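Report on one structure; see the data block that follows.
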Amino acid sequence: MSITIQEFPYANHHSWTDVTPYEVVRVISDKTIEIREMRAERDESVELEWVAGGFAGHCVNQRDQKWVITPDPTAPVIRARRRVDGYYHSAYGRHMLNDRAIKFYDYNF
């Protein structure tokens, strides 16, 4: 599998149910990429709705959350390597290549 930044400019970090956006800075080889975390600020125009339940409450519309995602040139560049499972792994965990940056915070976990 030969990857290019044009095809997959993002390598979103998946940590259980949360997703953090990372951008691909450089493709070193088919098995190694350099990535950098992006800034993500929640779009306050989406009002989250809470009901009683869970540990402290349950967010019933968490799938509606929106984020403003921008590059962060001050963030450190790290390496991620593709393993036999097909995913890229860094010191922070599993990254999935994508054509868009994704941020998701699971308020119900």
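Side-chain atoms are counted along with the backbone in the values below, which use heavy atoms only and exclude waters and symmetry mates. This chain uses plain numbering: 1 for the first residue, then up along the sequence. Just so you know, these numbers come straight off a predicted model, no measurement behind them.
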Side-chain heavy atoms of Asp106 within contact of Gln62, under 4.5 Å: yes
Can Arg63 be said to sit on top of Phe104's aromatic six-ring, NZ or CZ under 6.0 Å from centre and within 45° of the ring axis? yes
Single-linkage hydrophobic cluster, 4.5 Å side-chain cutoff, [X] and [Y] together:
X	Y	answer
Ile102	Tyr107	no
Tyr10	Phe8	no
Tyr92	Tyr87	no

Given 3.5 Å as the limit, does a donor-acceptor pair link the side chain of [X] with the main chain of [Y], or not?
X	Y	value
Arg81	Tyr88	no
Ser15	Asp18	no
Asn12	Arg100	yes

Do you know which two heavy atoms are closest between Ala101 and Ile69, and how far apart they sit? O-CD1, 3.7 Å
Can you give me the closest heavy-atom contact between Ala75 and Glu37, atom names plus distance? CB-O, 3.6 Å
Residue pairs involving residues 65-75 (criterion side-chain hydrogen bond (donor to acceptor under 3.5 Å, both in side chains); sequence neighbours excluded): Arg39-Asp72, Gln65-Trp67, Asp72-Thr74
Would you please test Ile33 and Arg26 for side-chain contact (heavy atoms from CB on, under 4.5 Å) and show each step? CA-CA 6 Å; Ile33 58 176; Arg26 185 166 73 131; over 6 Å; no
Contact list for residues 14-34, test ring-ring contact (aromatic ring centres under 6.0 Å, His included), sequence neighbours left out: Tyr22-His95
How far does CZ of Arg79 sit from CD1 of Ile35, to the nearest 0.5 angstrom? 11.5 Å
Between Glu34 and Val24, does the side-chain contact (heavy atoms from CB on, under 4.5 Å) criterion hold? Intermediate values first, please. CA-CA 6 Å; Glu34 288 185 338; Val24 176; over 6 Å; no
Asn61/Leu48 under side-chain contact (heavy atoms from CB on, under 4.5 Å): CA gap, chis, key distance, verdict: CA-CA 6 Å; Asn61 66 334; Leu48 297 177; 4.0 Å; yes
